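All residue numbers refer to positions in the sequence shown, counting from 1. Just so we're clear, the structure is a prediction, and the values are computed from it rather than from any experiment.
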Amino acid sequence: MVGSGAAASVAALAAAKDGAKVLMLEKAPVYGGTSAKSGGAFWVPNNFRLKERGIEDPKASLLAYCAAYSYPHLFDSNSPTLGLGEDVYKLLEAFYDNASPMTDMLREIKAAEIGRFHVLPDGQGTDLPDYGVLDGNNKVPRGRCLGPIKPDGSPGFGAELMRQIKARIDAYGIPLLTSHQVVRLVTDGDGAVLGVEALNDGKEVSFGARKGVIFATGGFTYNREMLNLHQTGPVYGGCGVPTNTGDFVSIAGAVGAKLGNMGSAWRAEIVLEEALEYVSVPSDVWIPPGDSMFIVNRYGNRVFNEKRNYHDRARVHQHYDPNGSVAKIGGSQR
């Protein structure tokens, strides 16, 4: 298991629960990845809380909602794959089919205490609304967002989620080797994966794999070359941990894996001064404070509804205005 964030840790637990012998390799000197720094929320359709409340979250409408929100230029409600490529459609199907059982598994093996994701005490707030357009395809506009609960019943965040999961990883006896950066896959003549090679304190070490290797590693927020190659518009800093340098992109490409959607990201606005000062900023601008704030571009024009979610707001900053774009060089304008 390469990585030690929430996805990697849950995959390791699932494998161990089913009887596999698991080894975790983490590039950073500490456990938890960006998950430990995050808000710890996860979006799970058809989850146990919805079922307990008698709320149905049908697969067909959920897939249509996801397809229409993520791929509006491709969405076709009359298509068997909703207008998406078959591989993307199957990924959405797999998410719906497995996300809820995943949270059930965590609760079953007591790896995490899970409830609604909230920042206010019970009775002082409701379930967070979905981020996407609440059109006719979204049958459950609230209630899919889950998060960890502390032992005292108060809401937890990413650090608490990873603390709870790590306790169960230790209980299962799963070894975790930190400061081990996986750099390549070891394959045989037919391309079958035999293991990985990693760097630890500058020395190369090898690990064999009898059944397979699972990667659940960070993105490439802190790899400027990859950002310039794959992302549109300028990107300054990020909220992930600094070890997110996209190692898996090169590892996967070296064995012929198909990569896609590389220009996409889960985006957020951050204060530029913080991005310039910190390698990893403390937090993003989740919601602009106050009810009287207006956010404008360099020309003084209001650019969005300030109460839209951070991902949608951040995408506005990639807009290119061919009529108003002016570069000033040495006092002249071009």
Side-chain angles (χ1 to χ4, degrees), residues 1-26 28 30-57 59 62 66 91-119 122 127-128 130 140 142-178 211-218 240-241 266:
M1 184 69 245
V2 185
S4 71
S9 297
V10 171
L13 283 173
K17 175 179 177 293
D18 289 343
K21 186 177 180 181
V22 182
L23 170 67
M24 299 183 71
L25 301 175
E26 167 58 48
V30 295
Y31 165 81
T34 300
S35 298
K37 185 177 179 289
S38 73
F42 36 104
W43 193 79
V44 178
N46 201 34
N47 63 62
F48 70 94
R49 289 192 68 248
L50 294 174
K51 295 173 184 176
E52 290 172 350
R53 294 153 62 191
I55 300 175
E56 296 185 2
D57 194 2
K59 181 176 180 177
L62 184 282
C66 292
L91 281 175
L92 290 179
E93 275 198 311
F95 175 68
Y96 180 91
D97 293 340
N98 294 284
S100 183
M102 177 273 295
T103 56
D104 294 340
M105 183 271 291
L106 289 179
R107 298 171 67 227
E108 175 190 343
I109 65 174
K110 301 186 184 307
E113 183 66 28
I114 300 171
R116 73 183 181 95
F117 179 78
H118 59 319
V119 295
D122 287 333
D127 290 321
L128 293 177
D130 277 354
V140 187
R142 292 178 183 267
R144 295 192 182 109
C145 196
L146 303 175
I149 300 174
K150 294 181 179 179
D152 63 4
S154 63
F157 298 100
E160 176 63 18
L161 175 67
M162 300 314 299
R163 183 195 69 77
Q164 293 183 20
I165 293 179
K166 180 60 164 61
R168 186 50 54 186
I169 284 177
D170 293 341
Y172 269 86
I174 300 173
L176 167 67
L177 301 182
T178 56
K211 294 187 176 181
V213 179
I214 299 175
F215 282 83
T217 52
V241 291
W266 187 250

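- Note that the SG atom of Cys66 and the OH atom of Tyr96 stand 10.5 Å from one another [nearest 0.5 Å].
- Electrostatic pairing of Asp97 and Lys59 counts as a salt bridge here, judged by a charged N lying under 4.0 Å from a carboxylate O.
- For Arg168 (side chain) and Leu13 (main-chain N/O), no donor-acceptor pair under 3.5 Å exists by modelled atom type.
- Contact annotation: the side chain of Leu106 approaches that of Ile114 to within less than 4.5 Å [non-hydrogen atoms, C-beta and beyond].
- Considering CG of Leu50 and CZ of Arg116, their distance stands at 13.0 Å, rounded to 0.5 Å.
- Glu26 has its side chain out of reach of Tyr31: every pair of non-hydrogen atoms, C-beta onward, lies at least 4.5 Å apart.
- For the atom pair Leu146 CG and Leu128 CG, the distance stands at 11.0 Å (nearest 0.5 Å).
- Counting only heavy atoms from C-beta outward, the side chains of Val30 and Thr178 never approach each other to under 4.5 Å.
- No side-chain heavy atom of Tyr172 sits under 4.5 Å from any side-chain heavy atom of Val22.
- Between the CG atom in Asp57 and the CG atom in Leu62 there is a gap of 5.0 Å [rounded to 0.5 Å].
- Between Ser9 and Ser4, the closest heavy-atom pair is OG-O, 3.1 Å.
- Annotation: Glu52, atom CD; neighbour count of heavy atoms from other residues, nucleotides and ligands within 6.0 Å is above 12.
- Of all heavy-atom pairs between Arg49 and Gly115, the closest is CD-C, 3.8 Å.
- Arg163 has a carboxylate O that lies under 4.0 Å from a charged side-chain N of Glu160, or vice versa, which qualifies the two as a salt bridge.
- Rounding to the nearest 0.5 angstrom, the gap separating the CG atom in Asn47 from the CE atom in Met102 is 10.0 Å.
- Checking each of Asp130, Asn46, Asp127 against Arg144 for a side chain to side chain donor-acceptor pair (under 3.5 Å) leaves exactly one that passes, namely Asp130.
- In this structure, Ser35 and Ala6 approach most closely via the heavy-atom pair OG-N, 2.9 Å.
- When every heavy atom of Pro148 is checked against every heavy atom of Gly40, the shortest pair comes out as CD-O, 3.3 Å.
- Aromatic ring pairs are classed by plane angle as parallel below 30°, tilted from 30° to 60° and perpendicular above 60°; the pair Phe157 and Phe117 is perpendicular.
- Atom NZ of Lys21 has 12 or fewer heavy atoms from other residues, nucleotides or ligands within 6.0 Å.
- With values rounded to the nearest 0.5 angstrom, Arg107 atom CZ is found 7.5 Å from Glu113 atom CD.
- In this structure the side chain of Met1 never reaches within 4.5 angstrom of the side chain of Ile174, judged on heavy atoms.
- Considering every non-hydrogen atom in both Met24 and Gly3, the closest pair reads CE-O, 3.5 Å.
- None of Leu177, Val2, Leu176, Val213 except one satisfies the side-chain contact (heavy atoms from CB on, under 4.5 Å) rule with Leu23; the exception is Leu177.
- Of the possible donor and acceptor atoms, one in the side chain of Gln164 sits under 3.5 Å from a partner among the backbone N and O of Ile149.
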